[in-house]
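In what follows, a single structure is set out as structure tokens and then discussed.
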Amino acid sequence: MISAAENEILTRVGPDAPMGRMMRRYWQPVCASTQLPSPDCAPLRTRVLGENYVAFRDTAGKVGVLDELCMHRRASLALGRVEEGGIRCLYHGWKFGVDGEVQETPNHCDERFRARFKAPAYPAREAGGMVWAYFGPKDKEPPFQKYEFFDGPKENLLVFRVNTPANYLQLWEGGTDSSHVGILHSALAQPQWKNKPSFVPDVEDYASVALAVGDNAPIIDIENTQYGYHYAAKRQGPTLPDGTQTYSVRGTAIIFPTCRVIPLTQYQFFVFEVPQDDERTSTYIVAHGPKAFDRGKMLGVLGLDKPHLWNERDCDYRVGPENRYGQDRSRMNEVWSGLGGLIPEDASIGASMGPIVERHKEVLVAADAAVVRLRARLLESVRRHEAGGEPFGLSIEDYSKVRSLADTNIPKDARWQDLLPNNMGLGARQSEPAE
Ligand code: FES
Ligand SMILES: [Fe+2]
């Protein structure tokens with residue numbers, strides 16, 4: 001059971017909070033690459049861990065991440081002009097490079113002055129359809145962590161950003177909660193729930209939940225890893241012709257500080273729940289696989305095809321009690337939730353709990369085991385960091401072999417871990433037994 005005090009530790013992400021300090025030790029996504037579509041395009045104001053930044057793409061296509069407010073007299077650089085290899089503040093024309101170099105100060109013509117100062121700029125990289133930055137102590141910059149979706153043709157990668165009015169943790173918990181999949185996402189997971197008895201899941205489909213049906217009280221089997229944990233949701237599977245009993249297992253990996261790897265039949269989703277502040281989250285949904293995606297089809301599957309609730313320009317998910325978190329009850333005869341698809345269902349449920357859920361008031365059951373583990377591992381990592389140690393997984397450079405597992409039938413006495421051989425293959429096995 002999480003106490004109110006532990007809930008504070010888990011959810012507060014500002015610069016003076018223990019979780020905020022830990023989160024700053026990792027590279028964090030700051031925007032989707034598509035939000036900076038071309039050299040010298042409009043700059044983007046972006047909020048990460050309770051602080052505001054401006055991200056921009058210079059004339060050569062390089063990305064920069066600076067404090068939002070100009071170092072001179074604090075006008076917003078998000079209003080600035082991006083031109084000639086830098087971003088220029090509108091107020092007095094000071095101009096800065098992607099690394100914070102002060103290139104011009106039109107109202108102060110002393111070159112030595114320009115050489116003496118630098119604008120607050122953060123190490124920034126672009127990879128996997130996202131811009132990443134490091135906001136932690138300068139002398140502690142960790143390796144830039146590589147994920148599977150950094151490789152391969154661009155057509156095989158889709159990145160969507162959804163800004164949701166809820167604390168990051170309640171959204172992340174939804175992503176490590178296998179037992180809601182066959183219920184909240186019924187419209188995708190089991191379309192036969194209403195008048196469609198002959199429905200057969202399409203294994204080519206983009207829907208990640210199409211197979212997680214039939215048993216909504218899965219056994220949750222968890223194994224800690226150096227970077228967090230991975231777990232299998234085991235559902236009752238068919239009996240094989242030789243009488244062997246099986247489980248249908250579905251495996252998910254949780255990678256600190258904000259990522260989970262979710263299975264599709266032929267693809268994987270990497271989802272990052274990056275805190276904007278204590279009460280808002282930038283969710284980055286990355287789909288990656290061996291074939292090109294149809295972006296329009298994927299938008300439909302994810303439920304991101306309703307422009308009054310979400311658009312790709314500002315990425316804000318516009319829900320709250322005033323619009324019933326996007327629910328259309330007139331459609332609930334055809335679709336289970338009335339919330340309009342996979343991502344809206346997760347985001348609306350997370351937002352409906354209020355900005356920061358009061359975890360000490362919950363009533364938990366065995367199916368919540370992976371959620372409980374997420375909180376425990378986060379607290380463990382924060383406490384280790386506060387005591388002067390390294391948070392989980394910080395020094396791992398390559399996550400490209402960490403996988404999820406789409407629903408697969410295996411004999412009841414078989415090890416699901418054997419189907420995910422590289423998840424522990426980072427030389428990182430930890431000794432704690434699973435709960
Ligand atoms: S405030 Fe930006 S140049 Fe003066
Ligand atoms: Fe979900």
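In this text, all values refer to a predicted model and were calculated from it rather than measured experimentally. Hydrogens, waters and symmetry mates are skipped; everything else that's a heavy atom, side chains included, is used.
- With a 4.5 Å cut-off on side-chain heavy atoms, W27 and R125 count as touching.
- Across all non-hydrogen atoms, the minimal contact from M424 to N224 is CE-O, 3.5 Å.
- Of the possible polar contacts, none joining the Y247 side chain to the A414 backbone as a donor-acceptor pair under 3.5 Å is found.
- The shortest distance between side-chain heavy atoms of L171 and D346 does not fall below 4.5 Å.
- Taking the side chain as every heavy atom from C-beta outward, T34 and R161 never approach each other to under 4.5 Å.
- Aromatic ring centres of F270 and Y399: separated by at least 6.0 Å.
- The distance from atom OG1 of T246 to atom NZ of K234, rounded to the nearest 0.5 Å, is 12.0 Å.
- Using a 4.5 Å cut-off on side-chain heavy atoms (C-beta onward), T281 and Q170 make no contact.
- Nearest approach of L378 to M22, heavy atoms of both residues: CD2-CE, 4.3 Å.
- Put simply, the side chain of V54 does not reach to within 4.5 Å of the side chain of F96, judged on heavy atoms.
- Of the listed residues (T46, L44, V30), just one forms a side-chain contact (heavy atoms from CB on, under 4.5 Å) with V131, and that residue is V30.
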side-chain contact (heavy atoms from CB on, under 4.5 Å) between T252 and I262, worked out: CA-CA 6 Å; T252 302; I262 302 273; 4.2 Å; yes
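- Distance check, rounded to the nearest 0.5 Å: CZ of R331 to CH2 of W336 gives 15.5 Å.
- Y147 and F149 have parallel rings, their planes meeting at less than 30° on a 0 to 90° scale where 60° marks the start of perpendicular.
- In this structure, the side chain of R384 engages the main chain of E390 through a donor-acceptor pair within 3.5 Å.
- Side-chain atoms of T408 come within 3.5 Å of backbone atoms of A406 as a donor-acceptor pair (strictly under, hydrogens ignored).
- S381 and Y26 get closest at one heavy-atom pair: OG-OH, 4.2 Å.
- Applying the ring pair (Phe, Tyr, Trp, His ring centres under 6.0 Å) criterion to H230, with sequence neighbours excluded, gives W416.
- Annotation: R81, atom CZ; neighbour count of heavy atoms from other residues, nucleotides and ligands within 6.0 Å does not exceed 12.
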Steps toward salt bridge (Lys or Arg N to Asp or Glu O under 4.0 Å) verdict (D99, K62): CA-CA 10 Å; D99 58 355; K62 253 192 124 202; over 6 Å; no
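- With hydrogens and angles disregarded, a donor-acceptor distance shorter than 3.5 Å links the side chain of Q28 to the backbone of M23.
- Under the rule for a ring pair (Phe, Tyr, Trp, His ring centres under 6.0 Å), the partners of Y53 that lie at least two apart in sequence or sit in another chain are Y122, F135.
- Although no hydrogens or angles enter the test, the distance criterion places no donor-acceptor pair under 3.5 Å between the side chain of D368 and the main chain of D177.
- Atom-to-atom distance recorded for L169:CG and M353:CE is 10.0 Å, nearest 0.5 angstrom.
- Side-chain contact between E84 and Q103: absent, with no pair of heavy atoms (C-beta onward) separated by less than 4.5 Å.
- Checked by atom type and distance alone, the side chain of D277 pairs as donor or acceptor with a backbone atom of E279 at under 3.5 Å.
- Under a 3.5 Å cut-off, the side chain of R24 and the backbone N or O of G20 do form a donor-acceptor pair.
- Residue L90 holds its CG atom at 10.0 Å from SG of C70, rounded to the nearest 0.5 Å.
- Counting only distance, with no hydrogens or angles, the side chain of N323 and the backbone of R318 share a donor-acceptor pair below 3.5 Å.
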Side chains of residues 253-261: which donor-acceptor partners sit under 3.5 Å, not counting sequence neighbours?
unit_1	atom_1	unit_2	atom_2	d
R260	NH1	E273	OE2	3.0
R260	NH2	E273	OE2	3.3

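- Scanning for side-chain hydrogen bond (donor to acceptor under 3.5 Å, both in side chains) contacts around T11 gives an empty result, with sequence neighbours left out.
- Between L364 and R359, every side-chain heavy-atom pair lies at or beyond the 4.5 Å cut-off.
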Test side-chain contact (heavy atoms from CB on, under 4.5 Å) applied to E397 and K146, step by step: CA-CA 6 Å; E397 293 182 34; K146 179 180 173 182; over 6 Å; no
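- The backbone N or O of N163 lies less than 3.5 Å from no partner atom in the side chain of D316, so there is not a single donor-acceptor pair.
- A 6.0 Å sphere centred on NZ of K401 holds no more than 12 heavy atoms belonging to other residues, nucleotides or ligands.
- For the residue pair W132 and A127, the shortest heavy atom distance occurs at NE1-O, 3.0 Å.
- Residues I343 and T283 fail the side-chain proximity criterion, which asks for heavy atoms closer than 4.5 Å.
- Contacts of E362 classified as side-chain hydrogen bond (donor to acceptor under 3.5 Å, both in side chains), with partners at least two apart in sequence or in another chain: R375.
- Across every non-hydrogen atom of D278 and G14, the tightest pair is OD1-N, 4.0 Å.
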From CA spacing to verdict: side-chain contact (heavy atoms from CB on, under 4.5 Å), V286, M130: CA-CA 9 Å; V286 180; M130 288 189 278; 3.8 Å; yes
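- Taking NZ of K306 as the reference point, atom CG of N311 lies at 13.5 Å (rounded to 0.5 Å).
- Judged by distance alone, with hydrogens and angles left aside, the side-chain atoms of R45 form no donor-acceptor pair with the main-chain N or O of S76 at under 3.5 Å.
- With sequence neighbours excluded, no residue forms a ring pair (Phe, Tyr, Trp, His ring centres under 6.0 Å) with H385.
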Stepwise side-chain contact (heavy atoms from CB on, under 4.5 Å) test for Y317 and L309: CA-CA 6 Å; Y317 186 48; L309 294 181; 4.0 Å; yes
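- Annotation: cation-pi pair R377/Y229 absent, no NZ/CZ under 6.0 Å from the ring centroid and within 45° of its normal.
- The heavy-atom pair separating F392 from Q226 by the smallest distance is CB-O, 3.3 Å.
- Judged purely by distance below 3.5 Å, without hydrogens or angles, the side chains of S348 and Q327 never pair a donor atom with an acceptor atom.
- Taken from CG in L342 to CG in L302, the straight-line distance is 6.0 Å, to the nearest 0.5 Å.
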